[in-house]
Amino acid sequence: MTTILTTIAEAREALVDPRTNGTIALVPTMGALHEGHLSLVRLANEHADSVVVSIFVNPTQFGPGEDFDRYPRTFDEDVALLEGAGVDAVFAPAVDEMYPKGLDQTLVTGGPASRILEGAHRPGHFDGALTIVHKLVSIIEPDLAVFGEKDAQQLFLVRAMVDDLNLRTAIVGAPINREDDGLARSSRNRYLSAADRELALHLSAALRAADGAADADAARQIGRECLDGDGIVLDYFELVDPSTFLPVEGAHTGTALAVLAARVGTTRLIDNQLLMLGVSTAVN
Ligand code: AMP
């Protein structure tokens with residue numbers, strides 16, 4: 001039986017027992033759940049005695065003109081999925097519960113890596129995301145929290161926040177969950193028309209094409225060319241050092257994380273993949 005908690009007081013009260021008698025994992029989400037979210041829940045279940053999933057479309061991580069108002073909200077279906085996955089509690093507060101004094105209050109500010117790539121295209125996005133993660137962790141006090149590698153920059157910045165602000169929650173990353181044809185699962189995929197969904201396959205294809213390139217410059221060129229076509233507007237295709245999230249030099253070889261964001265029709269999608277550069281992957 002999954003308990004639905006909507007206030008901070010209720011959540012604190014309901015979690016006293018599970019905390020005393022075992023470990024708690026938190027899986028923060030914005031709802032409109034899909035198989036990718038459920039893979040995080042399964043990982044959480046492996047690591048902890050109780051699993052709490054938060055469902056909260058966080059206004060402070062959306063910029064003006066972004067899709068906060070039309071972000072899909074499918075609460076009843078979400079709860080049914082989480083019941084089936086054996087989740088102990090859902091924390092689904094209203095905006096006023098989380099931001100009773102309005103949105104323009106104390107914020108967590110990320111370091112330099114929060115202002116490049118996604119942070120450059122969505123100013124303030126990561127400050128909003130880090131703020132809500134900090135609030136959720138303070139309310140639930142989980143032993144661990146699970147985040148998807150799909151949002152690689154967010155995962156990097158959450159780990160940095162936990163380290164920099166000496167939080168006690170351990171952060172666990174979960175691999176990207178994809179459709180059979182390679183498209184990374186996303187709540188925003190439901191916006192895609194049939195034609196846009198076909199075009200969206202270019203994102204994961206560009207990452208695969210860049211893998212094994214001679215160096216970082218070659219990989220960037222291959223990836224950007226794959227995404228230079230009608231119906232796709234590329235925001236960035238960049239190669240970063242996974243340990244700093246800063247772009248690698250053009251001549252870099254070895255491992256690098258390729259990250260991209262592109263608009264397909266009116267839908268903005270992100271994806272990433274760890275690449276091996278300058279090393280022949282041919283098998284004899
Ligand atoms: P969201 O509801 O989009 O904010 O996502 C909530 C969590 O699920 C974040 O940690 C995401 O990185 C993760 N997530 C979303 N889609 C996927 C996916 N396809 N594979 C793995 N994790 C995902």
Side-chain angles (χ1 to χ4, degrees), residues 25-47 51-63 66-68 70-75 77-79 81-82 85 87 90-93 95 98 117-119 122 125-137 140 142 144-162 169-192 197 200-201 203-204 207 242 245 257 259-261 267-274:
L26 170 67
V27 182
T29 81
M30 298 203 298
L33 301 183
H34 51 69
E35 188 52 36
H37 296 110
L38 296 182
S39 71
L40 270 58
V41 169
R42 283 193 289 273
L43 197 60
N45 256 317
E46 285 170 23
H47 280 84
V51 175
V52 180
V53 174
S54 61
I55 297 180
F56 183 65
V57 185
N58 173 36
T60 62
Q61 71 189 68
F62 287 79
E66 291 188 358
D67 57 349
F68 175 72
R70 70 174 192 124
Y71 195 84
R73 288 163 172 86
T74 58
F75 187 69
E77 288 100 313
D78 292 349
V79 171
L81 283 174
L82 296 175
V87 165
V90 172
F91 179 51
V95 170
M98 293 303 273
L117 303 168
E118 277 304 279
R122 304 184 67 188
H125 167 67
F126 285 122
D127 293 353
L130 292 175
T131 299
I132 198 65
V133 171
H134 194 292
K135 285 169 73 68
L136 290 168
V137 162
I140 308 293
L144 61 110
V146 183
F147 292 85
E149 290 171 1
K150 157 93 185 334
D151 297 271
Q153 195 173 359
Q154 169 178 274
L155 173 56
F156 175 87
L157 292 166
V158 167
R159 285 193 201 281
M161 172 180 75
V162 164
T169 299
I171 304 301
V172 174
I176 301 180
N177 186 280
R178 298 181 181 278
E179 308 267 3
D180 288 344
D181 58 11
L183 181 66
R185 288 200 166 87
S186 163
S187 302
R188 291 188 170 98
N189 288 353
R190 68 190 71 200
Y191 299 147
L192 297 168
R197 199 191 171 295
L201 292 177
L203 275 60
S204 52
L207 294 165
F245 232 88
L257 185 69
V259 290
L260 69 83
T267 308
R268 189 171 180 283
L269 300 174
I270 60 173
D271 201 349
N272 69 85
Q273 184 181 316
L274 197 64

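A quick note: this is a predicted structure, and the numbers were derived from the prediction, not measured. Every number for a ligand or one of its atoms is a count from 1 in the order of the listing. Index from 1, following the sequence.
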Of the listed options ([options]), which comes nearest to [atom] when hydrogens are ignored and any heavy atom counts?
atom: atom 21 (C) of ligand 1; options: S186, P175, G173, S39; result: P175
atom: atom 5 (O) of ligand 1; options: M30, E35, H37; result: H37
atom: atom 9 (C) of ligand 1; options: P72, G148, S54; result: G148

Nearest atoms (heavy-atom pairs only) where N272 meets E149 |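 Looking at all heavy atoms of both residues, the shortest contact is ND2-O, 2.9 Å.
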
Compare every heavy atom of S204 with every heavy atom of D181, then report the nearest pair and how far apart it is.
->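 What the structure gives for the nearest pair is O-OG, 4.5 Å.
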
H34, portion touching ligand 1 at heavy-atom distance under 4.0 Å =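 Just the side chain.
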
Per-residue contact class, A32 against ligand 1 - non-hydrogen pairs under 4.0 Å =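 Neither part.
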
Of the protein's non-hydrogen atoms, which lies at the shortest distance from [atom], and what is that distance?
atom: atom 23 (C) of ligand 1; value: K150 CB, 3.9 Å
atom: atom 20 (N) of ligand 1; value: N177 N, 2.8 Å
atom: atom 12 (O) of ligand 1; value: D151 OD2, 2.6 Å

Taking only heavy atoms of [X] into account, list the atoms of ligand 1 that are under 4.0 Å away from them.
X: L40; value: 7 (C), 8 (O), 10 (O), 13 (C), 21 (C), 22 (N)
X: P28; value: 6 (C), 7 (C)
X: F147; value: 10 (O)
X: R185; value: 16 (N), 17 (C), 18 (C), 19 (N)
X: T29; value: 2 (O), 6 (C)
X: I176; value: 20 (N), 21 (C)

Looking at L157, L155, V162, which hits side-chain contact (heavy atoms from CB on, under 4.5 Å) with R159?
->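 That would be L155; it is the only one of L157, L155, V162 passing the side-chain contact (heavy atoms from CB on, under 4.5 Å) with R159.
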
For H34, enumerate each residue passing the ring pair (Phe, Tyr, Trp, His ring centres under 6.0 Å) test, keeping only those at least two apart in sequence or located in another chain.
->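 Applying ring pair (Phe, Tyr, Trp, His ring centres under 6.0 Å) to H34 gives H37.
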
Set of residues satisfying ring pair (Phe, Tyr, Trp, His ring centres under 6.0 Å) with respect to F68, sequence neighbours excluded =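 Partners of F68 under the ring pair (Phe, Tyr, Trp, His ring centres under 6.0 Å) test: F62.
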
Residue pair E46 / L43, side-chain heavy-atom distance below 4.5 Å =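 In contact.
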
Could you walk me through whether R188 and R268 pass side-chain contact (heavy atoms from CB on, under 4.5 Å), step by step?
-> CA-CA 8 Å; R188 291 188 170 98; R268 189 171 180 283; 5.7 Å; no

Are R42 and E35 within salt-bridge range, i.e. N to O under 4.0 Å?
->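 Yes, R42 and E35 are salt-bridged.
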
Stepwise, does the side-chain contact (heavy atoms from CB on, under 4.5 Å) test hold for Q61 with R122?
-> CA-CA 9 Å; Q61 71 189 68; R122 304 184 67 188; 5.5 Å; no

